[in-house]
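Data first, discussion second: the structure below is written as C-alpha cells.
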Amino acid sequence: MPTIWAIFTPGLMMTKKQSITITKRKNKPVRFCREIKNYLMINQIIAEGVADAVKILYQADVSPQEVQIQKTRKEFEGDLTVVVFPFSRMGRKSPEAIGEQIGKFLQENLQEVGFFNVIKGFLNVSLKNNYWIDFLIEKLAEEKFGISEVQEGKPVVIEFSSPNTNKPLHLGHVRNILLGDSIASILEASGRKVARVNLVNDRGIHICKSMLAWQKWGEGTTPETADKKGDKFVGDYYVQFEKQKKLQVKQKMLEGYSEEEADRESQLMQDAREVLKKWEQGDPETRSLWSNMNEWVYLGFDETYKRIGAGFDKIYYESDTYLLGRELVKEGLERGILYEKEDGSIWCDLSDKKLSDKLLLRSDGTSVYMTQDLGTAQLRFDDYHPDKLLYVVGNEQNHHFDVLKAILQKLGKEYAKDIIHISYGMVELPHGKMKSREGTVVDADDLIDEMRETAAETTRALGKIEDFSEEEANRLFETIGLGALKYFILKVDPKKHMLFNPEESIQFDGNTGPFIQYTHARIRSLLRKAAERGFKAPYLENVHDFDLLHKERQILRLLHDFPEILQQAADTYSPALVANYVYELVKEYNGFYQDTPVLREEDENKIRFRLALSEFTARIVKSAMQLLGIEVPERM
RNA sequence: GGUCGCGUAGCUCAGCUGGAUAGAGCAACGGCCUUCUAAGCCGUCGGUCGCAGGUUCGAAUCCUGCCGCGAUCACCA
C-alpha cells in the first residue's frame with residue numbers, strides 16, 4: 001500500500017465537511033464542491049480526476065490507486081506530477097499528447113487545478129494560489145496541524161533502554177533511548193496510545209562482580225562519601241573486578257591453564273559465582289547489598305534519563321521476571337510442542353522455520369535468556385493486552401527475536417505476530433567499535449557535558465547572549481548541546497550503522513540540530529517584532545488571492561506534507577524521516593527569509609501573509625522537533 | 001561454512017513501495033551584513049550509485065551471481 005493512502009486513517013481524515021462528490025463510475029465530468037476542507041485529500045482528488053480522464057478520454061479503466069502521483073521536482077514548474085507513461089498504450093498516443101489531454105481535463109474539471117505543463121511523460125500540475133492560501137488560513141487556526149489526538153484502545157507497548165546495572169550508560173544506550181523515546185512520541189502523534197517500558201537487568205553475574213569488588217575493596221564507601229554518581233560508582237567496582245581478575249587469569253595461564261579455564265577457575269570468578277548463588281538462595285546480607293548497589297545505580301540512571309528527557313510508564317526488573325517462562329515451557333512440553341532430551345533438557349524444534357533447535361531449560365532445570373524473554377513477553381501481554389509489542393534492541397539480536405517469535409508462535413500465542421523488533425545499527429567511532437576493555441567507551445554523561453560545553457563556547461564567541469540572564473544562558477547551552485547530539489543521532493536511518501564522529505557531532509552548521517533551532521529562534525524574533533508593530537495572529541483576516549512567490553509556494557508545499565511524513569515515520573518507526581523533513585523545511589525557509597522582506601514589505605496583505613507563513617513554519621518546526629525530543633528556543 | 005544486513009561525491013548521510021539531468025551537509029574555493037538574528041544566504045569544484053548479468057518503455061531502487069565490510073549461528077545476557 002503506498003504511503004500516500006496510508007494517511008487516510010481515522011484520526012486524520014474527514015475532520016470537517018465530507019463534501020467530495022466524486023462519481024467514479026458515471027460518464028460525466030466530475031465536480032467538487034467548493035468547501036473541500038481536507039487538504040490531505042489532494043493526491044486522491046488528482047488521482048481520481050486522472051482515473052476519470054482516462055475513462056472518459058480513452059474508455060479504459062484505471063483505479064485511482066494505480067495512478068502514480070509524486071511531488072513535482074524542484075527544477076520543474078508545478079506542485080504534483082502525474083506519471084503518464086502507463087496510459088500511453090490506452091490512448092495510443094505519445095506520452096506528451098496523453099499528458100496534454102489529461103492535463104486539460106483536470107484543468108477543466110477540478111477546481112483546485114490552475115495550470116499544467118507536460119515534459120516527456122510527466123504531467124506537472126500546479127494548484128491554484130488560493131488552494132495554498134486557504135490551506136494556510138485554515139491550518140493556522142488549528143492548534144496542532146498534523147498531530148492526532150491519542151485514541152483510546154489497545155496500547156502499543158515499546159521497550160527501550162534496557163540497561164545492565166553494573167555499568168553507566170554509554171553512547172550505544174543513547175542511540176537506543178533517543179530512538180525509543182522519539183518513536184514513542186511519533187506513535188502518539190499519529191494517534192496511538194503508547195506505553196513506554198524499560199526492562200532493567202538488575203541481577204546476574206555482572207552485578208555480583210561489582211558487589212564482590214565493593215565488599216573486597218570498597219571500605220564501606222558510598223556514592224555520597226565518594227562524591228560520585230551512583231552508576232559510575234558501581235561501574236568503577238566492576239572495572240576493578242575485571243582488572244584484578246585479569247591478573248589472576250594471567251597467573252593461572254602461566255600455570256598451564258587455557259584462557260577460558262583460567263577465567264572460570266580464577267578465585268574472583270569462583271567468589272562471584274558464590275555471591276550469585278547466595279543471591280539466588282535469598283541470603284539476606286547479599287540481598288541487602290544487592291539492593292543498595294542497585295539503588296545507587298538507579299539514582300544515577302535517573303539523572304541521565306532526566307537530562308536526556310526520557311521517561312517510562314513502567315519499569316520491569318529482571319529480578320522479578322527471570323523465573324518467568326518456565327510455566328510456558330512446561331505447558332509446551334505437556335502439549336507435546338516442545339521435547340525433552342535424555343539429559344532432561346528441554347528444547348524447541350524449529351526446523352520447520354529453518355532455524356536450529358533452541359534450548360529452553362537446562363538439564364538442571366535452570367532457564368536461559370530465551371526462557372525469560374518468553375516469560376516477559378507473556379507478562380507484558382497480560383499487563384497491557386497491547387496492539388503491538390515493540391522492542392528497541394540492537395541488530396545483533398535479530399536472530400534472537402526471530403527465534404523468540406517462532407517459539408511463541410509454536411506455543412500458540414496469538415500476540416507473537418504483534419512482536420516487532422525495532423532493530424537498529426551499531427554506533428561506531430572513527431577508530432572502530434566501542435570496547436570497554438580498550439577504554440573507548442563514550443560515556444553518556446560525559447558526552448552531554450561536552451556537547452553543552454561546546455554549545456556554551458560557540459554561543460559566547462558569537463556574542464549571542466549579551467542580554468541573557470545566567471539562568472537563561474545555561475538553559476540555552478543545554479538546549480543547544482542536547483539538540484546537536486539528538487539530531488546528529490536521530491537523523492540517520494535507525495536500521496543503519498552509524499558513525500559517531502565527536503568532532504562532527506558538535507558542528508552547528510548545515511544539517512544539524514542547532515541550525516534548525518536557530519531558524520526557529522529567528523522566526524520567533526521576527527514575530528515579536530511584528531507584534532510590536534501591531535501585527536497579531538492569525539494575521540490573515542482579509543488577505544485575498546495574490547501571486548505567491550516561488551519560495552512561498554515551496555514552503556507551503558513542505559508544510560502541507562507534514563502529516564504524511566509523520567504517518568510514514570510512524571509506519572516505519574523512523575525518526576530520521578522527521579529529522580530530514582524538518583531540515584528541508586528550515587532550509588527552504590531560510591532561503592525565503594534571506595531575500596524576501598517581511599516587515600519591510602510595503603503591501604500590508606503581503607506582510608500579513610508572510611507573517612502567517614512564518615508563524616506556521618515555526619510551529620511545524622517546533623512540533624517536528626518535539627517528536628525528536630528536541631527543544632527549540634525562543635532566542636539564540 | 002550457513003543465515004541476515006550493508007556498499008551512493010574526499011568524509012557523513014538522503015534518495016531505495018521502479019520514473020525526469022542521482023541530492024544535502026561537512027571539507028576546499030569565491031561572493032553577500034548602514035535593512036526582519038551571518039549558528040544565515042548564493043555560487044564553484046566534486047559521482048562508471050561495489051562489479052557483472054537479467055527483468056522493464058524506464059533500474060541507485062526489483063532479481064541472480066561475484067567482490068568487500070559487518071552481525072549472527074551459546075546449556076552468555
Side-chain angles (χ1 to χ4, degrees), chain A residues 1-4 68 70 72-76 81 83-86 88-89 95 119-122 124 162 164 201 204-206 318 322 341 343 345 347 354-356 358-364 366-370 372-373 394-400 402-403 423 425-426 428 430 433 455 458-459 461-462 464 480 484 488 491-493 495-501 503-505 507-519 521-530 533 576-577 579-580 583-584 586-587 590-601 607 610-611 614 635-636:
Chain A
M1 184 163 82
T3 43
I4 270 174
Q68 290 180 58
Q70 50 195 264
T72 304
R73 297 180 54 146
K74 260 189 194 162
E75 56 270 35
F76 301 101
T81 295
V83 182
V84 298
F85 290 106
S88 62
R89 270 194 212 122
I119 300 168
K120 295 187 188 172
F122 299 94
N124 301 317
S162 318
N164 288 358
N201 186 5
I205 193 72
H206 56 273
E318 288 202 1
Y322 80 110
K341 284 193 180 173
D343 64 357
S345 58
W347 296 73
K354 289 184 180 158
L355 295 164
S356 51
K358 181 68 196 172
L359 173 89
L360 294 175
L361 284 178
R362 298 187 182 100
S363 53
D364 63 2
T366 54
S367 51
V368 293
Y369 180 50
M370 181 61 74
Q372 190 186 136
D373 252 17
N395 62 9
E396 73 271 14
Q397 291 199 37
N398 284 355
H399 183 254
H400 174 79
D402 288 346
V403 175
S423 159
M426 313 251 97
E428 279 166 37
K433 284 166 91 178
T458 308
T459 306
L462 290 169
K464 295 278 189 181
I480 297 174
F488 187 82
K491 76 176 175 190
V492 347
D493 184 341
K495 291 195 295 290
K496 295 191 175 173
H497 293 226
M498 68 165 290
L499 184 83
F500 188 88
N501 184 333
E503 275 157 37
E504 272 177 38
S505 70
Q507 292 293 317
F508 296 163
D509 304 323
N511 191 357
T512 66
F515 169 73
I516 296 163
Q517 291 171 319
Y518 172 73
T519 306
R522 232 186 186 187
I523 298 176
R524 299 302 304 165
S525 167
L526 176 66
L527 294 171
R528 280 192 298 274
K529 293 229 159 75
R533 287 190 28 191
L577 296 180
N580 289 320
Y583 171 64
E584 205 183 331
V586 150
K587 205 164 41 133
N590 274 326
F592 159 79
Y593 180 93
Q594 192 69 26
D595 51 32
T596 314
V598 179
L599 292 172
R600 297 191 306 254
E601 167 63 46
I607 296 181
R610 286 172 192 166
L611 286 171
S614 299
R635 301 194 296 160
M636 75 181 267

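Naming convention: chains lettered A, B, ... in sequence-line order (proteins, then strands); numbering from 1 in each chain.
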message = For the base of B:G19 and the side-chain ring of A:Phe85, does the geometry meet a stacking cutoff of under 5.5 Å between centres and under 30° between planes?
response =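 Here A:Phe85 meets both the 5.5 Å and the 30° conditions.
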Among [options], the nucleotide that comes nearest once only the side chain of [X] is considered:
{"X": "A:Lys358", "options": "B:C11, B:G19, B:A74", "value": "B:A74"}
{"X": "A:Tyr593", "options": "B:C75, B:A39, B:A38", "value": "B:A38"}
{"X": "A:Asp343", "options": "B:G70, B:C75, B:C13", "value": "B:C75"}
{"X": "A:Arg600", "options": "B:A14, B:G19, B:U35", "value": "B:U35"}
{"X": "A:Ser356", "options": "B:U12, B:C73, B:U21", "value": "B:C73"}
{"X": "A:Lys529", "options": "B:G19, B:A39, B:U37", "value": "B:U37"}
{"X": "A:Asn124", "options": "B:A20, B:A71, B:A14", "value": "B:A20"}

Interatomic distance, [X] [atom1] vs [N] [atom2] [rounded to whole Å]:
{"X": "A:His497", "N": "B:G7", "atom1": "NE2", "atom2": "P", "result": "10 Å"}
{"X": "A:Tyr322", "N": "B:A77", "atom1": "OH", "atom2": "P", "result": "12 Å"}
{"X": "A:Asn580", "N": "B:U12", "atom1": "CG", "atom2": "P", "result": "17 Å"}
{"X": "A:Lys74", "N": "B:G15", "atom1": "NZ", "atom2": "P", "result": "15 Å"}
{"X": "A:Leu359", "N": "B:A74", "atom1": "CG", "atom2": "P", "result": "11 Å"}
{"X": "A:His400", "N": "B:G5", "atom1": "NE2", "atom2": "P", "result": "19 Å"}
{"X": "A:Phe592", "N": "B:U37", "atom1": "CZ", "atom2": "P", "result": "14 Å"}
{"X": "A:Asn511", "N": "B:G40", "atom1": "CG", "atom2": "C1'", "result": "15 Å"}

Looking at [X], I'd like to know whether one of its side-chain N or O atoms comes within less than 4.0 Å of OP1 or OP2 on [N].
{"X": "A:Arg610", "N": "B:C36", "value": "no"}
{"X": "A:Lys120", "N": "B:U21", "value": "yes"}
{"X": "A:Lys496", "N": "B:A14", "value": "yes"}
{"X": "A:Tyr518", "N": "B:A39", "value": "yes"}
{"X": "A:Arg73", "N": "B:A20", "value": "yes"}

note = Per nearest nucleotide of RNA chain B, the residue lying toward the 5' end, A:Phe508 or A:Ser363, is A:Phe508
ask   = Considering heavy-atom distances to RNA chain B, does A:His399 or A:Phe122 have its closest nucleotide positioned more toward the 5' end?
value =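 With A:His399 and A:Phe122 compared, the 5'-side residue is A:Phe122.
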How far apart are the closest heavy atoms of [X] and [Y], and which atoms are they?
{"X": "A:Ser367", "Y": "A:Arg362", "result": "O-NH1, 3.2 Å"}
{"X": "A:Ile523", "Y": "A:Ser614", "result": "CG2-O, 3.3 Å"}
{"X": "A:Val586", "Y": "A:Ile516", "result": "CG2-CG2, 3.9 Å"}

Would you state whether a donor and an acceptor, one from the side chain of [X] and one from the base of [N], lie under 3.5 Å apart?
{"X": "A:Thr81", "N": "B:A20", "answer": "yes"}
{"X": "A:Lys354", "N": "B:U3", "answer": "no"}
{"X": "A:Asn395", "N": "B:C4", "answer": "no"}
{"X": "A:Thr512", "N": "B:A39", "answer": "no"}

task = Note every stem involving RNA chain B: at least three consecutive Watson-Crick or G-U wobble pairs, i with j then i+1 with j-1, with both distances under 3.5 Å.
result =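 As far as RNA chain B goes, consecutive pairing (with distances under 3.5 Å) yields the stems B:1-7 with B:67-73, B:10-13 with B:23-26, B:28-32 with B:40-44, B:50-54 with B:62-66.
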ask   = Syn or anti: how is B:C29 classified when any glycosidic angle within 90° of 0 counts as syn?
value = anti
inquiry  = I'd like to know if the side chain of A:Ser345 reaches the main chain of A:Lys341, judged simply by a donor and an acceptor atom lying under 3.5 Å from each other, with no hydrogens or angles considered.
reply    = no
key: Flag, side chain of A:Lys358 to backbone of A:Val403, donor-acceptor distance under 3.5 Å   = no
Look up atom [atom1] in [X] and atom [atom2] in [Y], then write down how far apart they are to the nearest 0.5 Å.
{"X": "A:Phe488", "Y": "A:Asn501", "atom1": "CZ", "atom2": "CG", "value": "6.5 Å"}
{"X": "A:Leu526", "Y": "A:Lys529", "atom1": "CG", "atom2": "NZ", "value": "8.0 Å"}
{"X": "A:Gln507", "Y": "A:Thr458", "atom1": "CD", "atom2": "OG1", "value": "9.0 Å"}
{"X": "A:Lys587", "Y": "A:Thr519", "atom1": "NZ", "atom2": "OG1", "value": "11.5 Å"}

request  = State plainly whether the residues A:Lys495 and A:Asp493 are in salt-bridge range, i.e. N to O under 4.0 Å.
outcome  =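 A salt bridge is present here (some side-chain N lies under 4.0 Å from a carboxylate O).
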Parallel, tilted or perpendicular: rings of A:Tyr369 and A:His400 (30°, 60°) =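 Parallel, since the angle between the ring planes stays under 30°.
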Listing time: all N or O pairs from protein to nucleotides 41-43 of chain B that are below 3.5 Å?
| unit_1 | atom_1 | unit_2 | atom_2 | d |
| --- | --- | --- | --- | --- |
| B:C41 | O4' | A:Gln594 | OE1 | 3.1 |

